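Down below is the structure, laid out as structure tokens.
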Amino acid sequence: MLGIIIGITSVITIISLGNGVKKATLKNLQATKTGKQTVTIDYYVNDSNDYQAGFDQADHTLLKSKNDLGVSNVKIQRVTKEFQITAVIFDTNKNLTATAVKDRPGVRLIAGKNISSYDNSVQNQRLLISKQTALKNFKSIKGTLGASILINGLSYTVVGIYANNNESPYDTNLILPQETYFQGQVNDQGNSVQITFSKGSKISKNTEHLVTLLKKKGSHRNKGEYSFTDMGELLSGIGKVISALTYFVSAIAGISLFIAGIGVMNMMYISVSERTQEIGIRLAVGASPRDIMNQFLLEAVLLTTFGDLIGFGLGVGSAWLFSLLLPFKAVTTFGSFILAFSVSTIVGIIFGILPAKQAANKNLIDILK
Amino acid sequence: MICLSNINKYYHQGKNAYHVLKNIDLVVRAGEFVAIMGQSGSGKSTLINIIGFLDDHFDGDYTFEKKNIAQMSRQDCAHYRNRNVGFVFQNFKLINNLTVKENIAIPLLYAGQSFSQTEVKIEQALNQVGLHGYQNQYPLNLSGGQQQRVSIARALINKPKFLIADEPTGALDSQTSKEIISLFTQLNLKSSMTIIMVTHDLAVAQKSQRIIRIMDGTIASDQETGYESRLINTNGT
């Protein structure tokens with residue numbers, strides 16, 4: 001029985017710690033420190049040459065109003081740095097494309113100098129212009145350097161000209177410092193929106209409702225698609241992987257249970273041998289061989305399930321002790337109790353059946369002689 | 001009630017076969033008290049094993065209340081033993097780690113009764129054998145005679161059709177033996193219990209109605225002892 005106790009203790013400890021890891025991991029992945037959960041809805045434009053922010057203040061207000069869906073905060077983010085802008089060159093409005101950068105862009109300059117992270121930090125109104133755009137709008141390369149371009153009411157000075165080809169990641173007309181470009185228009189535009197749900201909301205379902213709402217009422221709904229990564233599905237996937245790993249390690253620990261089962265079998269054989277007289281008496285007063293088999297099988301199962309109960313208690317205790325030393329709490333579920341109970345019962349049946357059969361098949365005449 | 005016809009029994013040991021019972025024909029009527037005598041190895045125990053449904057490997061016909069026993073499965077045999085026969089053994093054959101009450105309850109439990117149903121019956125059986133109040137004792141705390149009484153109570157508990165007693169006084173002193181045999185005669189006279197008893201002791205055998213002597217696997221003699229003289233003997237002791 002000691003073997004059963006040790007086996008069940010190990011299995012329960014591992015499963016409880018595994019459940020603890022799973023719970024802690026999922027909690028960390030899906031919730032902020034206050035227990036709130038966030039999800040991101042992205043906007044993808046239909047025409048890749050057409051740059052649309054996707055979300056603006058109207059969407060912000062729309063989403064924020066959905067308290068009934070558990071929305072507690074909405075934050076518009078800019079993930080894509082390419083935009084369609086209206087630039088004023090020589091008092092003429094031009095529809096151009098621009099890339100907002102944080103650091104020095106890796107472009108090949110053909111004239112002037114590059115912009116840098118310093119330009120970002122001090123919000124310098126400087127930009128780079130592509131060779132083709134320069135030639136089209138300013139006639140000559142030299143005439144372009146130092147020229148002014150008005151974007152969103154800010155006057156930018158052209159400090160460099162770059163060659164854009166298809167291989168370059170910057171195949172827009174302009175490259176400008178992100179911080180300069182976005183100054184004064186915080187939160188009002190972006191192609192991604194981060195929604196924080198209040199604690200306990202059904203995020204997958206509610207996000208689906210929000211996406212449906214955006215498809216009906218979103219400001220840029222006609223020019224692109226809204227989509228979100230279903231964190232619920234992702235998390236359940238991660239949960240499944242952790243569970244699988246836990247059960248795999250438990251199965252290894254469970255091998256000790258089978259070794260313990262052999263001990264049970266040995267013990268039952270001794271019991272059958274020592275109680276031969278009793279078997280004879282029971283058969284003589286009317287027990288059928290099946291009755292005798294059931295009796296010994298039941299005794300084997302009782303032995304293993306009793307070991308299971310003690311092992312379960314010890315397992316819960318040791319998991320709790322381990323969790324004191326670990327950064328997460330052990331979680332023992334009713335499911336693990338059922339699992340341990342079933343395994344010990346099965347071990348009892350498997351290893352009890354042969355001794356029980358031996359008991360049932362004893363020759364009554366020989367015993368009574 | 002019991003009808004054995006041309007019963008033969010062989011024991012096989014290696015290549016040797018021993019012919020233990022040879023062409024046994026025997027009829028035991030309901031209410032009879034039969035003593036079976038014979039030397040060791042004569043086949044008495046083999047005979048009562050067959051009569052008591054303990055041994056179903058034999059040649060010939062055994063009909064019990066018009067039912068052919070030879071054609072029964074082990075399971076049916078167990079059922080028949082439980083319902084129709086009570087065994088009393090020489091060395092009592094009680095389970096020592098069970099109380100008197102639990103020992104007596106075993107046949108009832110195998111007959112499908114619950115523990116609560118057995119209480120009254122056990123008390124009645126214990127009263128019948130003169131062991132009132134011994135329910136919770138363990139067999140090893142009782143004398144040989146008391147243990148044999150418990151064993152008789154266990155044999156009677158299912159109200160069997162007949163009792164088989166295999167040298168019931170073999171392990172008892174003469175006084176206790178008398179008491180036990182007296183109990184058997186009372187059972188036979190008052191309750192019309194059919195009793196088949198194996199004994200080596202002629203004095204014990206003479207308390208029965210009929211003495212069958214077995215010799216080398218055959219019935220050497222089958223004699224009535226005289227019912228009236230048995231009555232006188234019983235009343236005289």
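In what follows, chains carry the letters A, B, and so on, assigned in the order in which the sequence lines appear, proteins first and then strands, with residues in each chain numbered from 1. This structure is a prediction, so every number in the text was calculated from the model and none was measured.
For B:Arg83, no part sits under 4.5 Å from any heavy atom of chain A, backbone or side chain. The part of B:Asn49 that comes within reach of chain A is its side chain, from C-beta onward, which places non-hydrogen atoms under 4.5 angstrom from that chain. In this structure, chain A has a heavy atom under 4.5 Å from the backbone of B:Leu94, while its side chain stays farther away. When heavy atoms are compared at a cutoff of 4.5 Å, B:Phe89 approaches chain A solely by way of its side chain, counted from C-beta outward.
Within 6.0 Å of CZ in A:Phe341 there are 12 or fewer heavy atoms belonging to other residues, nucleotides or ligands. Heavy-atom neighbours of B:Gln39 CD from other residues, nucleotides or ligands within 6.0 Å: at or below the threshold of 12. Residue-environment remark: NZ (A:Lys362) exceeds the threshold of 12 foreign heavy atoms within 6.0 Å. For B:Met1, the CE atom sits in a packed shell: over 12 heavy atoms of surrounding residues, nucleotides or ligands are nearer than 6.0 Å. For B:His19, the NE2 atom sits in a packed shell: over 12 heavy atoms of surrounding residues, nucleotides or ligands are nearer than 6.0 Å. Under a cut-off of 6.0 angstrom, the local environment of NE2 in B:His57 is sparse, with at most 12 non-hydrogen atoms contributed by other residues, nucleotides or ligands. When the shell of 6.0 Å around CZ of A:Phe248 is examined, it contains 12 or fewer heavy atoms from other residues, nucleotides or ligands. When the shell of 6.0 Å around CG of B:Asn127 is examined, it contains more than 12 heavy atoms from other residues, nucleotides or ligands.
Chain A forms more heavy-atom pairs under 4.5 Å with one residue of B:Gly86, B:Ser45, B:Pro107, B:Gly52 than with any other, namely B:Pro107. Of the listed residues (A:Gly280, A:Ser288, A:Ala287), the greatest number of heavy-atom pairs within a distance under 4.5 Å of chain B belongs to A:Ala287. In terms of heavy-atom pairs under 4.5 Å with chain B, the best-connected choice from A:Arg282, A:Gln277, A:Arg290 is A:Arg282. Your options are A:Ile281, A:Asn363, A:Leu283, and the one with the most heavy-atom pairs under 4.5 Å with chain B is A:Ile281.
Residues B:Asn82 and A:Val285 fail the side-chain proximity criterion, which asks for heavy atoms closer than 4.5 Å. Counting heavy atoms from C-beta outward, B:Ile95 and A:Arg275 have side chains that stay 4.5 Å or more apart. Within the 4.5 Å cutoff, the side chain of B:Arg81 has heavy atoms near those of the A:Leu364 side chain.
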